[in-house]
Amino acid sequence: MTTAVGVRCLSEFAAVGSIFAIEKGPAAVASGFGRGKSGQALIPRSDFFGDVASSSVSCSGRSSSSSIPRRRGSPLYAIADQATREVDEGQRKKGEDPFTDVAPAAEKVPYNWQEQWYPLYMTSEIPKDGPLALTVYDRNLVVFYDGDGKLNCLEDRCPHRAAKLSEGQLMDGRLECLYHGWQFEGDGTCAKIPQLAPGAKIPKRACARSYAVKDSQGILWVWMADARTAPYEKVPYYEHYDKPGWGDYSTIHELPYDYSILVENVLDPAHIPISHDRTDSGAKRELAQAMVFDLKERTDLGFAGNWYNISTPETVNFTRFHAPSMVYNEVKRTGRDGIESHFSATVLTRPTGQGKCMLILRFGFSRSDGKPFTAITRIPKWIIHSTGTTILEQDMGFLSAQNETMVRENKPTKDFYLNLKSQDVWVDEYRKWMDKVGHGMPYYFGHRTLSPPPISALQEHSPAGLTATISSTYPSKGAFGHKYARDPTNRYFRHVVHCKPCRTALSNFEKAQKASLVLGLLSAGVATIMSKPVYRTAFVIVGFLMSLAYYLCGLGIKRITENYVRPHRNRL
């Protein structure tokens, strides 16, 4: 696998690098997840081409503008021809959509959004010297390490006067509210009130609500219901992350649109050659084509199945959606040397309120011989992450607009989506799953039903006004116009503030740029006073090299911090 393809695989959370750019060869596709240490099998350990405790649904379609050749008598021609007949037969039925009207809306099933494990953060990114504020929907949480080095999660509200505990500090292994100095243990117990009268006891109500959390394979998960009911054995576990030689490339991003829009986007491989055209050699708009989907499993907690492009039926991807918001995609291939390569993308999404979400992307590679992919491991993580943020920014404009339309229309998706069975099967399945469980969510937009948020996004995010909200939520980030002014659309705040490798690289570039500027000016000054031509020339060359270093550092800073803008937009 080439370096370019590796970078693309790390940034494309639909694992499409392995679809378009991997060398063709015999496929060796096996099961997804196995049974984890907790005993919970997220994907059955069996060949997912076989029976999986439910009926199999096959869908296919055609692409009228596809440039993919079809030869009579070939398997590709047979697939495309069958797809054409299926679509045409369905469209001939008057008044019936051949795809979205195949089955009636599913019955509702028991579901409670609080009784789910949500991915909070990557544990490697949680600061050890201060609290971290996070949200699940509109619930404010604060995460911190106590004096014993244990991670804890409390409601981000002091029981005294409702000040945000995340604005506090760690004192003697406790979380201290900076309003009046009340201190709290990891379980929410109030351990100290400085203003308490001598001999008086701390009131029983002086405690913060605690949430059950568990660190699993580098991800901190939170149980939003009563902590005493938390089923720790059901924390998601991914067996392949513990395989020898597994290369895990994880990253965090904040995104300015609803989590369901992100899940939908991840479940949509058809957009990649168009939206990310020429991002690298593997994404090309001329490769856009019909796809074949095979639904293998549909449960109350999600669905799973296989899919492939009609031009490359030997490259089969496996995709699973699992409640509340996890999407997994994998592909396995056996090379000419007999070594099996495993590529996977695990997309963990956390709803952080109306019109925004947090993405934890886990991309990994492994080989059956246990050796690492050396070409990928040599690439600095900040380069890989900047490519990933570019991919997200290419989607950000129209996904945010899609979110706006959904809220404005206030209709179920069947009323304004025109889904095709040759590309939108997973999207359709996801919205139909919402129909079944949406009654147990704060709000949702399903295929046939919906339940809008009880209050507007403006009221949820700015109940006391925009200025008050900005001041209360990000008081330490500076005012408008300052370098650290909060901007949810900016790459720096969407990713860099959450990523140690990128923050470190940015700091190094800024220091090197300042040093090169100083050395360049010194070299130019010394060159002017040197009498011997050879010395003068040497210092001029040094000054030129420092100028080049200054320029290159500027390019590095720009790549880490500046948003990608499409070329045709730059000319407007």
Side-chain angles (χ1 to χ4, degrees), residues 7-17 118-127 132-137 143 218-221 248-268 271-272 275-276 279 324-329 344-364 380-400 402-403 473-474 477 484 486-506 559-565:
V7 173
R8 181 167 186 265
C9 283
L10 289 167
S11 59
E12 290 285 5
F13 38 75
V16 294
Y118 291 86
L120 266 183
Y121 217 64
M122 289 170 52
T123 52
S124 61
E125 298 291 344
I126 298 176
L132 175 67
L134 299 168
T135 60
V136 178
Y137 284 108
V143 175
I219 300 295
L220 184 66
W221 299 81
D248 177 23
Y249 296 84
S250 300
T251 180
I252 306 178
H253 303 267
E254 283 190 89
L255 298 170
Y257 43 84
D258 188 71
Y259 82 100
S260 67
I261 298 291
L262 174 60
V263 171
E264 211 177 66
N265 178 250
V266 175
L267 289 170
D268 176 26
H271 82 283
I272 290 162
S275 303
H276 310 305
T279 300
S325 53
M326 183 277 289
V327 178
Y328 173 84
N329 192 91
S344 80
T346 305
V347 181
L348 306 174
T349 306
R350 172 165 50 84
T352 58
Q354 295 183 54
K356 57 181 182 177
C357 64
M358 177 163 280
L359 162 68
I360 301 178
L361 170 61
R362 309 202 75 179
F363 220 116
K381 285 189 175 181
W382 70 269
I383 293 180
I384 295 173
H385 291 183
S386 67
T387 304
T389 50
T390 295
I391 297 292
L392 292 169
E393 286 156 6
Q394 289 173 339
D395 289 342
M396 192 167 69
F398 55 77
L399 293 183
S400 297
Q402 180 184 351
N403 198 166
T473 307
Y474 311 108
K477 297 297 183 182
Y484 297 109
R486 181 75 184 186
D487 181 356
T489 67
N490 185 273
R491 180 181 292 196
Y492 182 84
F493 286 103
R494 285 188 295 103
H495 170 68
V496 178
V497 295
H498 303 289
C499 179
K500 288 181 181 178
C502 289
R503 291 198 306 273
T504 300
L506 177 61
R559 179 160 183 173
I560 294 173
T561 59
E562 290 192 13
N563 284 20
Y564 168 84
V565 179

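Positions are given from 1 along the sequence.
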Mind listing the closest non-hydrogen atom pair of [X] and [Y] along with its distance?
| X | Y | value |
| --- | --- | --- |
| Y118 | P324 | CE2-CG, 3.6 Å |
| S275 | F398 | OG-CZ, 3.6 Å |
| I126 | Y121 | CG1-CD2, 3.7 Å |
| D258 | G353 | OD1-O, 4.4 Å |
| L120 | V143 | CD1-CG2, 3.9 Å |
| R350 | S325 | N-OG, 4.4 Å |

Mind checking the [atom1]-[atom2] spacing from [X] to [Y]? Nearest 0.5 Å is all I need.
| X | Y | atom1 | atom2 | result |
| --- | --- | --- | --- | --- |
| I360 | L220 | CD1 | CG | 9.0 Å |
| L262 | L359 | CG | CG | 5.5 Å |
| W382 | C502 | CH2 | SG | 9.0 Å |
| I219 | S124 | CD1 | OG | 8.0 Å |
| K381 | T504 | NZ | OG1 | 11.0 Å |

Y564/Q394 under side-chain contact (heavy atoms from CB on, under 4.5 Å): CA gap, chis, key distance, verdict: CA-CA 7 Å; Y564 168 84; Q394 289 173 339; 3.4 Å; yes
Member of E254, E125, H253 meeting the side chain to side chain donor-acceptor pair (under 3.5 Å) criterion with H498: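 Exactly one option meets the side chain to side chain donor-acceptor pair (under 3.5 Å) with H498, and it is E254.
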Residues in side chain to side chain donor-acceptor pair (under 3.5 Å) contact with T390, at least two apart in sequence or another chain: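 By the side chain to side chain donor-acceptor pair (under 3.5 Å) rule, T390 matches R491.
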Could you walk me through whether Y137 and Y259 pass the side-chain contact (heavy atoms from CB on, under 4.5 Å) test, one step at a time? CA-CA 10 Å; Y137 284 108; Y259 82 100; 3.2 Å; yes
Kindly determine whether M358 and L255 satisfy side-chain contact (heavy atoms from CB on, under 4.5 Å), including the steps that lead there. CA-CA 6 Å; M358 177 163 280; L255 298 170; over 6 Å; no
Would you check, one step at a time, whether the test side-chain contact (heavy atoms from CB on, under 4.5 Å) holds for V263 with V327? CA-CA 7 Å; V263 171; V327 178; 3.9 Å; yes
